Amino acid sequence: MQSDTTSATPALELSRVVKSFGAVVALRSGSLRLHDGSIHALIGENGAGKSTLVKIIAGLYRRDGGEFRLRGEEVDFHSTAQSKANGIAVIYQEPTLFPDLSVVENIFMGRQPTGRLGRIDRAAMRAEATEIFDRLGVSIDPDRPTDGLSIADQQIIEIAKAISLDASVLVMDEPTAALSGVEVDRLFSVARSLRDEGRALVFISHRFDEVFDLCDTVTVMRDGAHVDTMPIAETTVDDMVRMMVGRDVTEMFPKLPAEIGEEVLAVDGLTQPGVFHDVSFTVHAGEIVGLAGLVGAGRSEVARAVFGVDPYREGTVHVGGAPLPKGRPRAAMARGLALVPEDRRRQGLVLDLPVTRNITLAVRDRLARFGLIWGSRENESARVWASRLEVKTAALDTESGTLSGGNQQKVVLGKWLATDPKVLIVDEPTRGIDVGTKAEVHRLLSQLAQQGIAILMISSELPEVLGMADRVLVMREGRLTGEFKREQATPEAVMLAATADEEPAR
Amino acid sequence: SGGDDAGSDGGDAGGGGSEEAASITFLPKSLGNPYFDTSNAGGADAVEELGGTFEEVGPSEASPTSQVSFIETAAQQGVDALVVSANDPEAICDALNEARDVGVAVVTFDSDTNPECRDLFVNQATAEGIAQAQVDLITEQIDDSGQIAILSASANATNQNAWIELMEAELDANHPDVELVEVAYGDDDDQTSFDKTAALLQTYPELEGIVSPTTVGIAAAARYLSTSEYQGEVALTGLGTPNQMREYVEDGTVEAFALWNPADLGYLSAYAANALATGEISGEAGDTFEAGELGSYEVDEEGTVLLGDPFVFDADNIGDFDF
Amino acid sequence: MTTTATTPTHPVLAGLGRLIRARETGIAIAIVAVVTLATVLNPSFLFSNDGFRDLLLTPSLLMVVAIGQAIVIITRNVDLSVGSVVGLTAYLTGTLFVQVPGLPIVVVFVAGIALGAVLGLINGALVAFAKVPALVITLGTMYIYRGINVAWTGSDRINASDMPAAFRGLGTDTVLGLPVLTLLAVVVLVYAAWHLRNLRSGRELYAIGSDPAAAQLYGLRVTRRILAAFVVSGSAAGLAGVLYAARYGTVSSNAGFGWELEAIGAAVIGGVAIFGGVGTVWGAALGAFLLLTINRALPIIGVDDFWQRAVVGVLIIGAIVLDRIAAQRQHRRLVAQREETR
Amino acid sequence: MTATTEAAAPRTYAAHAQPLWRRVLVTREASIIGLLLAVIAVAMATVPNFDSPLTVTYLLRETAPILLIALPMTLIIITAEIDLSVASVLGLASVVTGLGVQAGWPLPVAMVVAVLVGATAGAINGALVTVVGLPSLAVTIGTLALFRGIAVGLLGTTAISDFPETWTDLARTNIPGTPVPVVIIAFAVLALGFAVLLHFTPFGRSLYAIGLNKEAAAFSGIDVGRSKFWLFVMSGTVAGFAGVYFTLLYNNARGDNAIGMELQIIAAVLLGGVSIFGGRGALHGVIAGVLLIGTLGSALRLAGVTSDIINVLTGLLLVLSVVSASALSWVHQRRVAALGRRRGRSPGTSS
Ligand SMILES: Nc1ncnc2c1ncn2[C@@H]1O[C@H](COP(=O)(O)OP(=O)(O)OP(=O)(O)O)[C@@H](O)[C@H]1O
Ligand SMILES: Nc1ncnc2c1ncn2[C@@H]1O[C@H](COP(=O)(O)OP(=O)(O)OP(=O)(O)O)[C@@H](O)[C@H]1O
Ligand SMILES: [Mg+2]
Ligand SMILES: [Mg+2]
């Protein structure tokens, strides 16, 4: 698979790179050595410093120390334009598109082909974009604005952008986090063909199956430092996990038995035209109900409609036997509903507020005495939840935006657990979270169920759903297409319900 | 800006100082208006003759409420006299009265406030005289028949409104064939007046003449007319300064217009203010005072001092004036 | 799944469709309607020499300012200082003629535009380098520039007679029946529109306004572009200042007072989104045209002078409500397009 | 088996990264208050007549409308919106008061109606922003023209100035025994109310969250639309009240009252440390900001400085205040980066 190039000059080499943000040391000693014609996996826990390393390569951050060589030459990028000019393309963890501009313009912005007088050659630009889309096997209207595209389509455009750059080094920071199986496959075949053209690729993912499927070499990071680099063929999942966390873990925390009580949440005939249709289900106290399906099946929308942030046209929601008014999150919260949304940076957290204020945001009414609220009470309440969930932060008044993904997720969980919910809806609770934290989240959910909380867990990861849920619901294209007891829920059965006529993903 | 050595050190004791000299502050409707420039220059001359201290302050746009803070500052500084041209008869009243309470003599000039808010009003010409002069000028130029319009300053200018009212009465009474079609307001702003002139001409294709009883308005209207197809067709008159109008009188856009000498107005106002501040007069009807080279003046009813009759400028005499 | 139908339409048809749906078309129609109505009520509104000339002349200055303003707004910034820049450059123009008799007119134009550019550069530098919000900075410089203007002018003013007749003639002269000032404004407009549409630097302004953070990640030269946008806006205001002196002849310290809100209003009416990334200078220029033409037509239509501002307010609100509806419809359409292809 | 249990030592979480004195003293608000005190001290020492009680009276009387409207404006800007129409609402309320009195209503009735008109105007802004979902900057530029146009249209050329003297005197009198105008009582009550609302209630907390991330706020059960709507209503109401006060103070109802004041108010609020992007700011800073601009103007006028220079200084202050904040954070970042580099050279000395 991989031509032996270890002796040749690496395409790109970072050694003992240091980067800190204020008191936070994001990278203590980051090292990475890339070779042409290779796909290199970069793995590590949340906050291990992967994205920071990527951003240094991209020229977005400047390193505080260490070495950075490109084809043997020492470089120090001041801007992303410089790294681009040197043939480095980066797909960032979050898609970064201009919503008002067309797909084509997004791909070529800043380096459009020009003709006489510097006039942009729109026809050439369009032709090249069409060609790239053909190669990727997708058909996206190149003239439409990117506003309104699904996350998967946005990711495809990011990839098209990188390809059009004709870069010799391509870095992809968790490109698959929002993609479905089919899309992942397509992306992988493109990545392989790029490798075969002799380019160097970096692939970051928390999914080990993908890493094994695609990559030839893997670098593991922990706590901002390089741990080890080895050929993928010479390692196992267990080895990698041990290196990542520095101890043995299993990805899945075993579900604890819980006593299933009376029905707490009852959703009946919920319909929002074009989004979801006739969705009915119940969740009992102490029960974890998994909601499976492909990305884009409309599960998040159902959750949001139940909680009241989104509207729905028909149907009813009952909590504890009494009907819940539509579109009123406050009323839902008052009745003991909590929603941990899927996009924690946009929906879950106010990134610029300190951890404290985020944790108490949903319980601010409850913390008030005679309508007045005091900072000391908030701090007290936040401290309780931060330590219970072991949020890794130096002080509670640090801005939550500076925490790593996993710790941010813990803050969101803490925020909703603080409301002492009867029904907890968690949407992709472990998306983009490392194995260690993932197991912690699972343990937490299990414990909560034991305490009698009704849990609805939306997840795109089948093992998680099958491992955690007492009952599994499956959605496809806005409809409930299957319901399985824990014992009946086999991967095959669930996948079939989720895809029906489509080929099963993953 | 205008105020030269503004070292208003004196005047902690408001009113009668040991010497005859007084500190006098001029507050025009707004700064940046050549009419007030001229009148304030006259005031400054007078204050210099008197050996007092002159200061000129004012807002950059002509609004009544913005004058108030300058009145208050004058009161705080304890100046001996304040000479004001009011943007509104009522809005600055209370502030003026407060200033008088702390011993500032208040003289209004050019545009009056309510009589109870000031000690003296120096009137450039009687309203009747001004209205009469303008009606005479315009009716003569349009052969006493046809449509005319008025281009005034701001809708609230006391003096403008008084004149317009009298002009309307005079037109009704003695000029039945002349129709006043509209009173437009240029806000004493050059650009607005210019655009309003254009609008008037377009709205009333039959228009024969425009009267603009404000120096800003007449200059803007003349400038528009001079470059338009209406030059020489539509008559224009009103109140203007010779320097601004010279060009248009010479090129035939304007036949004749009227004004008093603003420098004299400022000069007289300064003397009146000084007389009040030094206790020479109290503002009662019948008081008399000397106003330097202008001679002797008497206060008449309602505490008014009259400068004289308006003067008509035309191609024959405009060369004799420079202000 | 990741597909979106490409409805194959003939490019010419598609272009035509876009033209018909375009915001600019709507405004142009509104202008025609207003002019028609006013002309029916009073034929001299259009069919007299002065009428036609003024119809084109009056909006020209605001058009130039609105073009600059639109460019700044497209980058998700705003320039509140344009009115003050107009005032300063107009006064500079007059002063130059007074101080240096016989100065060629071209030099005065260059000087006015250069002063505007410098003032814009100050705004741009503060916004781009100090990374502070444009609204705050230009609110500050609006006061500063106006204050400097008043301090400089004092109670002085430039009178028409201070400027050479040839220069003032520019304010009213026509070429082939079209006023010179309007032609100048149109040249500026056509160039700006071409540049924004066809050059990289123009497109990057849209990208920056659409998502500043993404623009940074892209490695676009955000700082330089924003700086340039402010310089352009300043220069446009500077040009408008020179034209102001030519058109109005008299320049006092409050020339251009309040133009900032009119220019923003014109851009908003013209479909330039206040949060950047969307809109054209055509729209802004037409917006300015509509705004001032309505002002002039109202008295003829029989609406009292005093209600003018209210009508302008209704116009602005109507325009943004319309934008909103159109945007929502488009968003729904795009999402539906995606749904369809699942 | 259990995932992360290595006898998890009880962690303590410091609530604050910085010591108390730093958090209190090294703030934007503190520096504005400090600057205000410095200006007052310098003016006392150098400007003749500045130390007279009249200064206080005049200053507070004239800045009262700005002080009043700055209160709701602060809350609005904290939610990342803006209300440019306040001065027009003030003018409209002034006209309504005048027309009411002219129509023979008792003044208190006219006043109440004027305040209600203000509230309605605010509700219109609020509805356009929250129900229709338009950007407030554009909406209120529109209503700035609309409300002013209605005010000027209603009253036309005239000004109304026959208000009962008992009321106009009330607007001008001081609290007995002090140089402080009575309107400051109304302001103090409102300021206290707004300060409590913003800084010590759950509603206030939600405003900051809305300003920083309205989607996350909505997901936290905050009714973003309703909160903003009521803020605009408050702003309209207070502007209406300020309009009544303005009318009585100058005994003058006119369509163009307080024209252009919106920018003065916003300048003061921003000077007081409120971020135009929302989510940051405090009321004490804003009040200090308004007073700073007012005091500076008053002292300079007394010292014979002309209004244009005062404008220049106001603008400079505003620009410098934001630029200095950004410069400070730049310096801070540089220091931190330097620290990081030093750490980088001697590895192994981290957390
Ligand atoms: N701009 C920043 N300011 C302060 N701290 C930061 C910043 N960016 C990253 N960090 C911190 O640096 C550390 C490494 O973050 P980084 O995003 O590189 O992790 P990661 O490995 O990409 O994690 P994930 O898998 O969650 O994406 C974290 O502790 C994070 O909180
Ligand atoms: N940020 C977004 N922008 C545009 N479209 C989106 C976005 N997020 C979701 N969608 C689209 O909305 C529809 C429903 O997606 P949604 O995320 O609710 O599905 P889901 O089943 O919850 O998937 P997930 O596994 O991602 O939670 C899909 O068509 C999806 O592509
Ligand atoms: Mg990352
Ligand atoms: Mg989802």
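Remember, it's a predicted structure, so these values are computed and weren't measured experimentally. Just so you know, these numbers use all the heavy atoms, side chains as well, and skip hydrogens, waters and symmetry mates. Each chain gets a letter, A, B and so on, in the order the sequences are listed, and its residues count up from 1.
Looking at C:Ile148, the atoms closer than 4.5 Å to chain D (heavy atoms on both sides) sit in the backbone and in the side chain alike. Contacts of C:Leu126 with chain D are made by side-chain atoms alone, with heavy-atom separations under 4.5 Å and no backbone atom involved. Using a 4.5 Å cut-off between heavy atoms, D:Phe277 contacts chain C through its side chain alone, with no backbone atom that close. For C:Val136, the parts lying near chain D are the backbone and the side chain together; criterion is any non-hydrogen pair under 4.5 Å. Interface residue D:Ile259: only side-chain heavy atoms are found under 4.5 Å from chain C. If you measure heavy-atom distances from D:Ile276 to chain C, the contacts under 4.5 Å come from the side chain alone. Contacts of D:Leu154 with chain C are made by both backbone and side-chain atoms, with heavy-atom separations under 4.5 Å. When heavy atoms are compared at a cutoff of 4.5 Å, C:Ile320 approaches chain D by way of both its backbone and its side chain. For C:Leu139, the parts lying near chain D are the backbone and the side chain together; criterion is any non-hydrogen pair under 4.5 Å. D:Leu144 touches chain C through its side chain: at least one heavy atom from C-beta onward sits under 4.5 Å away, while N, CA, C and O do not. No part of C:Val78 comes within reach of chain D, as not one of its non-hydrogen atoms sits under 4.5 angstrom from that chain.
Note that CG of D:Leu318 is 10.0 Å distant from CE of C:Met142, once rounded to the nearest 0.5 Å. Distance check, rounded to the nearest 0.5 Å: CG of C:Asp323 to CG of D:Leu134 gives 9.0 Å. To the nearest 0.5 angstrom, C:Ile144 atom CD1 is 9.0 Å from D:Thr314 atom OG1. Atoms CD1 and CG, on D:Ile82 and C:Leu135 in that order, are 5.0 Å from each other to the nearest 0.5 Å. To the nearest 0.5 Å, atom CD1 of residue C:Ile317 and atom OG1 of residue D:Thr143 are 5.5 Å apart.
Note on D:Leu263, D:Ile266, D:Leu270: by heavy-atom pairs under 4.5 Å with chain C, the leading option is D:Leu263. When the candidates C:Ala319, C:Gly258, C:Gly313, C:Ala273 are compared by the number of heavy-atom contacts under 4.5 Å with chain D, C:Gly313 comes out ahead. Interface remark: of the candidates C:Thr141, C:Leu261, C:Val268, C:Leu261 forms the most heavy-atom pairs closer than 4.5 Å to chain D. Taking D:Val139, D:Leu313, D:Val132, D:Leu146 one by one and counting their heavy-atom pairs under 4.5 Å with chain C, the maximum is reached by D:Leu146. Between chain D and the residues C:Gly318, C:Gly265, C:Ala130, the most heavy-atom pairs under 4.5 angstrom are made by C:Ala130.
Considering D:Leu316, D:Leu317, D:Asn311 in turn, D:Asn311 is the only one that fulfils the side-chain contact (heavy atoms from CB on, under 4.5 Å) rule with C:Tyr143. Across D:Leu137, D:Leu84, D:Ile141, a single residue satisfies side-chain contact (heavy atoms from CB on, under 4.5 Å) together with C:Ile264, and that is D:Ile141.
Shortest non-hydrogen contact noted between D:Pro135 and C:Phe275 is CB-CE1, 3.5 Å. The two residues C:Ala151 and D:Ile309 come nearest to each other via the heavy atoms CB-CD1, 4.2 Å. The shortest non-hydrogen separation linking D:Ala145 to C:Val312 is CB-CG1, 4.3 Å.
The environment of D:Tyr208 atom OH is dense: over 12 non-hydrogen atoms of other residues, nucleotides or ligands sit within 6.0 angstrom.
No donor-acceptor pair closer than 3.5 Å links the side chain of C:Arg309 to the backbone N or O of D:Ile150.
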